[in-house]
A.B. asks: 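Below is a structure I'd like to ask you about.
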Amino acid sequence: MAGSKTLTIIKPGAVTNEYIGPILARINEAGFHIAAMRLLRLNLTQAKNFYAVHKEKPFYESLISFMTSGPVVVAILEKKDAVKEYRKLIGHTDPNKAQPGTIRRMFAESMERNAVHGSDSDANAEIECDFFFSKSERFSNFDPVHF
Ligand code: UDP
Ligand code: MG
């Protein structure tokens, strides 16, 4: 269903700090359905492709090095207006500017090590979900054949 899903990554750092459980709890409490999920370590090629839009930015090399430094959790989250609702839940890219109670405010260590990724548009959510998950790995609430 259009506009109903977003991709999140619980980044290295948050995983190392044992925040997978607390972050997933915040996600569920906010009314998101977890439609797909996997623990994995991004290789260099995957990280570079995933963040290709930032390749000219001064933080790109450091970001790629961080994102490949340890395991991450990737997940497809479902809710009405998922992209917008999830960005509201995670807060500003810079945790110092994120509202109290947001995931980044609670769990980020810095602007780079900001705990989670969230897609920034419906079009990018589609691309990012396809980057990690085949159709058979998705268990959508909008597709009750799975339940
Ligand atoms: N980032 C960084 N320094 C910056 C801006 C971004 O290290 O000045 C990192 C940060 O981890 C961020 C990611 O690059 O989450 C992607 O940046 P983007 O602008 O897309 O922010 P987001 O969409 O994640 O809020
Ligand atoms: Mg972004």
Side-chain angles (χ1 to χ4, degrees), residues 1-135 137-138 140-142:
M1 196 187 273
S4 63
K5 66 176 174 298
T6 191
L7 183 96
T8 191
I9 304 178
I10 303 178
K11 298 184 181 183
V15 171
T16 304
N17 287 329
E18 304 295 353
Y19 291 151
I20 295 174
I23 289 171
L24 292 179
R26 296 288 297 122
I27 287 169
N28 280 147
E29 283 157 14
F32 289 89
H33 164 69
I34 298 169
M37 186 160 69
R38 192 183 312 125
L39 186 67
L40 59 94
R41 185 169 181 171
L42 292 170
N43 65 36
L44 210 53
T45 308
Q46 286 174 309
K48 285 182 170 175
N49 286 341
F50 189 83
Y51 282 114
V53 340
H54 294 302
K55 65 176 178 298
E56 309 302 334
K57 305 269 176 65
F59 59 83
Y60 180 70
E61 292 301 329
S62 176
L63 178 63
I64 297 309
S65 158
F66 166 55
M67 289 301 294
T68 55
S69 67
V72 299
V73 172
V74 294
I76 299 177
L77 308 180
E78 283 186 346
K79 191 183 182 176
K80 186 171 178 291
D81 296 325
V83 166
K84 193 177 81 201
E85 289 297 307
Y86 190 58
R87 290 199 67 102
K88 221 188 294 174
L89 179 67
I90 69 180
H92 197 280
T93 308
D94 179 351
N96 293 315
K97 295 183 184 155
Q99 294 295 312
T102 59
I103 289 176
R104 283 171 165 170
R105 179 67 168 259
M106 293 171 79
F107 301 111
E109 299 162 277
S110 67
M111 173 97 123
E112 179 177 84
R113 304 170 68 89
N114 60 358
V116 288
H117 168 82
S119 307
D120 65 4
S121 66
D122 289 343
N124 283 335
E126 289 289 342
I127 293 167
E128 292 176 0
C129 290
D130 290 347
F131 190 90
F132 289 109
F133 297 103
S134 67
K135 301 294 180 217
E137 293 174 304
R138 302 179 192 195
S140 170
N141 262 356
F142 301 109

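First listed ligand is number 1; within each ligand, the first listed atom is number 1.
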A.B. asks: Could you give the distance from NZ (Lys11) to CG (Leu42), rounded to the nearest 0.5 Å?
C.D. replies: 11.0 Å
A.B. asks: May I ask which of Met111, His117, Glu112 has a heavy atom nearer to atom 8 (O) of ligand 1 than the others do?
C.D. replies: Met111
A.B. asks: What do we get for Lys57 next to ligand 1 when only non-hydrogen atoms under 4.0 Å count, side chain, backbone, both or neither?
C.D. replies: neither
A.B. asks: Out of Ile90, Val116, Ile103, which residue meets the side chain to side chain contact (heavy atoms under 4.5 Å, CB included) rule with Ile27?
C.D. replies: Ile103
A.B. asks: Picking from Ile9, Leu39, Thr8, what satisfies side chain to side chain contact (heavy atoms under 4.5 Å, CB included) with Val73?
C.D. replies: Leu39
A.B. asks: Less than 3.5 Å between some nitrogen or oxygen of Arg113 and one of ligand 1, yes or no?
C.D. replies: no
A.B. asks: Under a plain distance cut-off of 3.5 Å, with no hydrogens placed, do Ser134 and Glu137 share a side-chain donor-acceptor pair?
C.D. replies: yes
A.B. asks: Measure the acute angle between the ring planes of Phe50 and Phe131, then classify it against the limits of 30° and 60° as parallel, tilted or perpendicular.
C.D. replies: perpendicular
A.B. asks: Pull out every atom of ligand 1 sitting under 4.0 Å from any heavy atom of Arg104, numbered as shown with elements.
C.D. replies: 15 (O), 22 (P), 24 (O), 25 (O)
A.B. asks: How far apart are the closest heavy atoms of Phe66 and Gly13, and which atoms are they?
C.D. replies: CE1-N, 4.4 Å
A.B. asks: Compare Asn124, Asn114, Ile90 and give the one whose heavy atom is closest to atom 12 (C) of ligand 1.
C.D. replies: Asn114
A.B. asks: Which ligand 1 atoms, with their elements, are less than 4.0 angstrom from a heavy-atom of Lys11?
C.D. replies: 10 (C), 11 (O), 12 (C), 15 (O)
A.B. asks: What's the shortest distance from atom 4 (C) of ligand 1 to any protein heavy atom, and which residue and atom give it?
C.D. replies: Phe59 CD2, 3.4 Å
A.B. asks: In the protein, what heavy atom is nearest to atom 25 (O) of ligand 1, and what distance, to one decimal place, separates them?
C.D. replies: Thr93 OG1, 2.5 Å
A.B. asks: Which bit of His54 is near ligand 1, meaning a heavy atom under 4.0 Å away: side chain, backbone, both or neither?
C.D. replies: side chain
A.B. asks: Hey, which atoms in ligand 1 end up nearer than 4.0 Å to a heavy atom of Leu63?
C.D. replies: 9 (C), 11 (O), 13 (C), 14 (O)
A.B. asks: Could you tell me whether Lys55 sits above the aromatic face of Tyr60, with NZ or CZ closer than 6.0 angstrom to the six-membered ring centre and within 45 degrees of the axis?
C.D. replies: no
A.B. asks: Describe, in one word, how the ring planes of His117 and Tyr51 are oriented to each other, choosing from parallel (under 30°), tilted (30 to 60°) and perpendicular (over 60°).
C.D. replies: perpendicular
A.B. asks: Which of the numbered atoms in ligand 1 are below 4.0 angstrom from a heavy atom of Arg87?
C.D. replies: 22 (P), 23 (O), 25 (O)
A.B. asks: Can you find an N/O atom of Tyr51 closer than 3.5 Å to an N/O atom of ligand 1?
C.D. replies: no
